[in-house]
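One structure below.
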Amino acid sequence: MAQWIRIEQDDAALLSVVMDALQAAGYSAEPAAAPLFENADVALSCAPVATKTLSLGEFVLDLDRRVIVSGGDKDTHFTPTEWDVLVFLLRNAHRAVSRAELLDTVWSLPADTRSRVADDTVKRLRRKLLFCSAAIETVWGYGFRLVERK
């Protein structure tokens, strides 16, 4: 259901701030075609926007806001690379992902690289996911798998 916000001033800066705040709160904000109120210069139509999520059991990530929605600490901060690795593992949950596949997908490095960057990033993610309902397992000699914590 759409809601209406009335702005009685001809203030582009105020309108911009209101629209940004609405969008940051997860709403679609668009100026109405014609003012709906006689005294209003601008009317905004706003409605909740469906967010994209990925889940593994109770563990849910909001891809648009880049936060944990449930199944973990909602205040956990992820670096952009940690987030990319976590999303890739979640999209491939219960499947073993090779180090070479991670290096290629996240870092665009060749498979024969002896870099430990994937292992180091997973190590940091494990610490951040310690109290979450998802865990990263090591598949010895191959790579990693995201699974539900038992």
Side-chain angles (χ1 to χ4, degrees), residues 1-7 9 11-33 42-150:
M1 175 177 202
Q3 296 178 358
W4 296 93
I5 295 177
R6 184 173 134 179
I7 299 176
Q9 303 171 4
D11 189 352
L14 176 62
L15 179 61
S16 176
V17 169
V18 169
M19 288 181 69
D20 290 346
L22 287 169
Q23 289 170 344
Y27 286 87
S28 160
E30 299 175 5
V42 177
L44 291 178
S45 169
C46 59
V49 175
T51 58
K52 297 175 194 161
T53 60
L54 281 177
S55 63
L56 175 66
E58 293 179 12
F59 185 70
V60 181
L61 293 182
D62 182 331
L63 299 179
D64 294 331
R65 293 185 303 148
R66 299 177 69 98
V67 295
I68 296 173
V69 177
S70 66
D73 184 2
K74 296 175 178 140
D75 294 330
T76 302
H77 170 74
F78 299 100
T79 67
T81 304
E82 290 169 347
W83 182 260
D84 291 344
V85 170
L86 182 58
V87 168
F88 185 75
L89 290 172
L90 191 51
R91 283 193 170 127
N92 295 280
H94 297 296
R95 178 180 82 81
V97 175
S98 71
R99 285 180 177 83
E101 191 176 354
L102 270 177
L103 289 172
D104 179 51
T105 304
V106 177
W107 290 276
S108 299
L109 292 173
D112 61 351
T113 303
R114 292 188 167 269
S115 174
R116 301 289 296 169
V117 68
D119 299 273
D120 293 339
T121 303
V122 167
K123 180 180 176 182
R124 288 193 312 274
L125 277 173
R126 281 182 174 143
R127 273 185 271 171
K128 291 180 179 186
L129 297 176
L130 194 58
F131 300 105
C132 292
S133 60
I136 301 172
E137 289 182 345
T138 297
V139 178
W140 193 83
Y142 185 73
F144 308 98
R145 177 184 315 128
L146 190 68
V147 296
E148 289 183 80
R149 194 176 298 276
K150 299 172 185 170

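Atom OG of Ser55 is separated from atom CG of Leu90 by 7.0 Å, given to the nearest 0.5 angstrom. Going from atom CG of Leu89 over to atom OG1 of Thr105 covers 10.0 Å, rounded to the nearest 0.5 Å. Atom-to-atom distance recorded for Thr53:OG1 and Phe59:CZ is 11.5 Å, nearest 0.5 angstrom. Considering CG of Leu109 and CZ of Arg114, their distance stands at 14.5 Å, rounded to 0.5 Å. A distance of 7.5 Å separates CG of Leu125 from OG1 of Thr79, quoted to the nearest 0.5 Å.
The two residues Arg66 and Pro80 make their nearest non-hydrogen contact at NH2-CA, 3.7 Å. Across every non-hydrogen atom of Arg65 and Val69, the tightest pair is NH2-CG2, 4.4 Å. Of all heavy-atom pairs between Cys132 and Gly72, the closest is SG-CA, 3.5 Å. Residue Arg149 comes nearest to Leu129 through the heavy atom pair NH2-O, 2.8 Å, listed as atom of the first residue, atom of the second, then distance. Here the closest non-hydrogen pair linking Glu58 and Ser133 is C-OG, 3.7 Å. Residues Trp107 and Ala118 share a closest heavy-atom pair of CH2-CA, 3.7 Å.
Put simply, the side chain of Asn92 does not reach to within 4.5 Å of the side chain of Leu146, judged on heavy atoms. A 4.5 Å side-chain heavy-atom check between Arg99 and Ser115 finds every atom pair outside the cut-off. The shortest distance between side-chain heavy atoms of Phe144 and Val139 does not fall below 4.5 Å. Asp73 places none of its side-chain heavy atoms less than 4.5 Å from the side chain of Phe131. A 4.5 Å side-chain heavy-atom check between Asp84 and Phe78 finds every atom pair outside the cut-off. By the 4.5 Å heavy-atom criterion applied to side chains, Thr121 and Val106 are not counted as neighbours.
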Worksheet item: Run the side chain to side chain contact (heavy atoms under 4.5 Å, CB included) check on Val85 and Ile136 step by step: do they pass?
Response: CA-CA 11 Å; Val85 170; Ile136 301 172; 5.8 Å; no

Discussion item. For a side chain to side chain contact (heavy atoms under 4.5 Å, CB included) check, start with the C-alpha distance between Leu61 and Ile68, then their side-chain angles and the critical distance, and finish with the verdict.
Written reply: CA-CA 5 Å; Leu61 293 182; Ile68 296 173; 3.7 Å; yes

Item to complete: May I have the step-by-step check of side chain to side chain contact (heavy atoms under 4.5 Å, CB included) for Phe88 and Glu101, ending in yes or no?
Response: CA-CA 10 Å; Phe88 185 75; Glu101 191 176 354; 3.5 Å; yes

Worksheet entry | Test side chain to side chain contact (heavy atoms under 4.5 Å, CB included) applied to Arg91 and Val97, step by step | CA-CA 11 Å; Arg91 283 193 170 127; Val97 175; over 6 Å; no

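Lys128 contributes a side-chain N or O that, together with a main-chain N or O of His77, makes up a donor-acceptor pair within less than 3.5 Å.
Other residues, nucleotides and ligands contribute more than 12 heavy atoms inside 6.0 Å of the CD atom of Glu137.
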